[in-house]
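Worksheet: the structure to be examined is printed underneath.
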Amino acid sequence: MPEKISPARGVEGVVTPPGDKSISHRYAMIGAIAEGVTTLENYSTGADCQSTLGCMAALGAKIERRDGKVVIEGGALREPAPLDAGNSGSTIRMLSGILAAQPFTSRIGGDESLSRRPMQRIIAPLSQMGASIEARDGKFPPLTIHGRTLHGIDYTLPVASAQVKSCVLLAGLFAKGDTIVREPVRTRDHTEIALREFGADIESVRGVITLRQGARLQGRDEIIPGDLSSAAFFLVAALLLPESNLLIHAVGMNPTRSALLDFLASMGASIKIVDVRQTGGELIGDLRVRSSKISGGVIEGAMTAALIDEIPALAILGAASDNGLIVRDAGELRVKETDRIAAIEKNLRRMGVRVETAPDGFTVPGKQRFHAAEIDPEGDHRIAMAFSIAALAADAPSIIQGSEAAAVSFPEFFSTLRHITP
Ligand code: S3P
């Protein structure tokens with residue numbers, strides 16, 4: 001569906017982003033294997049998180065909507081019909097950890113984009129734990145997972161991936177012996193927090209996470225913070241457009257996710273954090289953001305992993321900044337929902353913006369202007385939303401083709417955008 005975006009002088013008002021996608025997946029999976037009832041408030045409205053609920057229901061969890069909350073009655077899982085993870089890498093990678101330890105065989109796959117995403121990264125550690133997994137060409141979905149009795153391992157992550165870390169920890173819940181995951185580069189720790197909340201014995205010390213065997217998980221009531229990665233598009237819009245003043249309400253402020261705020265501040269962004277509070281193990285805050293003069297910056301090393309989902313939005317800000325944006329060590333972007341380096345390059349060029357790419361990154365010089373264009377997000381939600389923000393700063397109306405891709409994480413994105421642009 002094409003969406004027309006007209007230029008705007010600013011964004012103004014209050015935005016409440018959807019519930020955090022990463023946290024929603026984890027609570028849904030853990031709620032479904034915990035004993036008793038889990039009630040989730042502000043569960044992500046994104047299609048990816050509905051895929052997770054669909055899979056958990058197919059595995060026997062009783063899932064209902066009550067007063068806008070997701071209510072899950074968990075317990076033992078049962079052999080499912082083929083599971084559909086849709087577009088969601090988080091669903092297939094994290095859930096495979098649980099499936100590998102069940103007393104049945106399951107099959108899990110997804111859409112065309114998901115079918116191209118690498119699974120070797122989870123097959124390798126799960127196989128070390130004793131799992132039996134078949135994959136298309138040995139590495140792609142769909143996966144056929146023959147449940148086995150697993151044993152704990154001591155595993156050092158070869159790629160900085162919270163999905164892989166979470167997969168191993170979720171498998172570890174069912175394994176004999178303790179499970180240790182070592183992460184050389186820090187990634188989001190929502191799984192560690194969620195497992196602790198639901199009653200697991202888990203500790204994390206300087207990148208070494210130890211899960212002790214034999215956890216009995218108990219259902220809980222949780223409030224899910226707003227998604228900072230979804231809020232990122234509005235943060236960038238407010239910083240970019242000259243007459244902006246936006247309040248972003250109830251957004252997640254977990255330190256393993258909030259590198260975005262530090263990075264934007266280092267470039268001169270005016271963002272005030274107001275009223276931080278805690279919910280479960282997670283932090284929530286409100287952000288006041290105003291139009292700012294942005295200097296530019298470099299994203300590399302551990303910072304790349306910490307900002308991986310925000311890089312499409314930051315590429316747009318970089319082009320309008322004084323000194324531009326350099327992104328390095330970001331080969332992972334090539335295996336996201338689409339090859340995001342190629343998609344950023346193609347669409348920036350369509351807007352008349354110069355960009356140079358490398359196998360693991362790109363450079364966007366600063367002080368550039370956006371020209372109206374037809375954008376092709378290639379089915380990738382974050383590309384669709386990032387270029388919608390670029391279109392707000394363009395010289396005439398632009399068209400976002402396939403704009404429905406945004407619904408993967410943020411179905412209300414375009415209606416929210418209309419609400420904050422005069
Ligand atoms: C996610 C981790 C990241 C991120 C994805 C969600 C998660 O992927 O890009 O959108 O919820 O754990 P990787 O862990 O593969 O880097």
Side-chain angles (χ1 to χ4, degrees), residues 17-30 43-44 46-49 51-52 85-98 110 113-114 116-125 141 155 157-170 181 183-195 209 224-225 227-233 252 254 256-260 282 299 301-314 327 329-341 343 360 380-386 405-406 408-410:
D20 187 90
K21 177 161 94 69
S22 292
I23 299 173
S24 295
H25 284 303
R26 287 156 170 83
Y27 283 165
M29 289 181 200
I30 296 170
Y43 190 83
S44 167
D48 271 8
C49 293
S51 295
T52 291
N87 190 245
S88 176
S90 301
T91 307
I92 192 170
R93 293 204 181 111
M94 295 198 288
L95 185 52
S96 292
I98 294 175
S113 149
L114 190 72
R116 288 192 302 264
R117 298 188 64 187
M119 293 297 136
Q120 196 51 40
R121 55 184 62 194
I122 58 156
I123 295 173
Y155 190 67
L157 290 176
V159 272
S161 169
Q163 292 177 352
V164 177
K165 170 176 66 175
S166 303
C167 169
V168 175
L169 291 173
L170 290 171
V181 181
E183 48 176 6
V185 175
R186 198 175 184 210
T187 65
R188 62 194 72 191
D189 65 356
H190 304 303
T191 301
E192 296 89 305
I193 291 173
L195 287 176
I209 303 131
I224 297 170
D227 197 321
L228 183 58
S229 303
S230 297
F233 302 103
N254 177 318
T256 62
R257 288 288 292 287
S258 59
L260 172 69
E282 298 281 354
I299 301 174
M303 179 115 89
T304 304
L307 291 173
I308 197 75
D309 288 343
E310 289 79 58
I311 289 174
L314 291 170
V327 177
D329 308 317
E332 276 294 298
L333 286 178
R334 295 215 181 260
V335 289
K336 290 293 179 189
E337 285 81 333
T338 187
D339 175 344
R340 285 189 175 152
I341 295 177
D360 68 343
D380 185 316
H381 56 132
R382 299 202 197 278
I383 299 296
M385 293 188 277
V408 157
S409 58
F410 197 169

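Order of listing sets the numbers, starting from 1, for every ligand and every atom in it.
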Within the 4.0 Å heavy-atom shell around Ile308, which atoms of ligand 1 are there? 9 (O)
Going by an N to O cut-off under 4.0 Å, is there a salt bridge joining Glu337 and Arg382? no
Salt bridge between Arg188 and Asp309, side-chain N to carboxylate O under 4.0 Å? yes
side-chain contact (heavy atoms from CB on, under 4.5 Å) with Ala313: which residues, sequence neighbours excluded? Phe233, Val236
Identify the protein heavy atom lying closest to atom 14 (O) of ligand 1, giving its residue, its atom name and the separation to 0.1 Å. Ala162 N, 2.8 Å
Using a strict 4.0 Å threshold on nitrogen-to-oxygen distance, state whether Asp189 and Arg257 make a salt bridge. no
So, regarding Lys336 and ligand 1 (criterion: nitrogen or oxygen to nitrogen or oxygen, under 3.5 Å), is there a contact or not? yes
Check whether any heavy atom of Met94 sits under 4.0 Å from an atom of ligand 1. no
What protein heavy atom is closest to atom 10 (O) of ligand 1, reported as residue, atom name and distance in Å? Asp309 OD2, 2.9 Å
Does Ser166 have a heavy atom less than 4.0 Å from any atom of ligand 1? no
Flag the pair Arg334 and Asp339 as a salt bridge only when some basic side-chain nitrogen lies within less than 4.0 angstrom of an acidic carboxylate oxygen. yes
Any carboxylate oxygen within less than 4.0 angstrom of a Lys/Arg side-chain nitrogen, looking at Glu192 and Lys165? yes
Checking contacts here: is it the side chain or the backbone of Ser161 that comes within 4.0 Å of ligand 1, counting heavy atoms only? Could be both or neither. both
Candidates Arg26, His25, Lys165; heavy atom nearest atom 12 (O) of ligand 1 found on Arg26
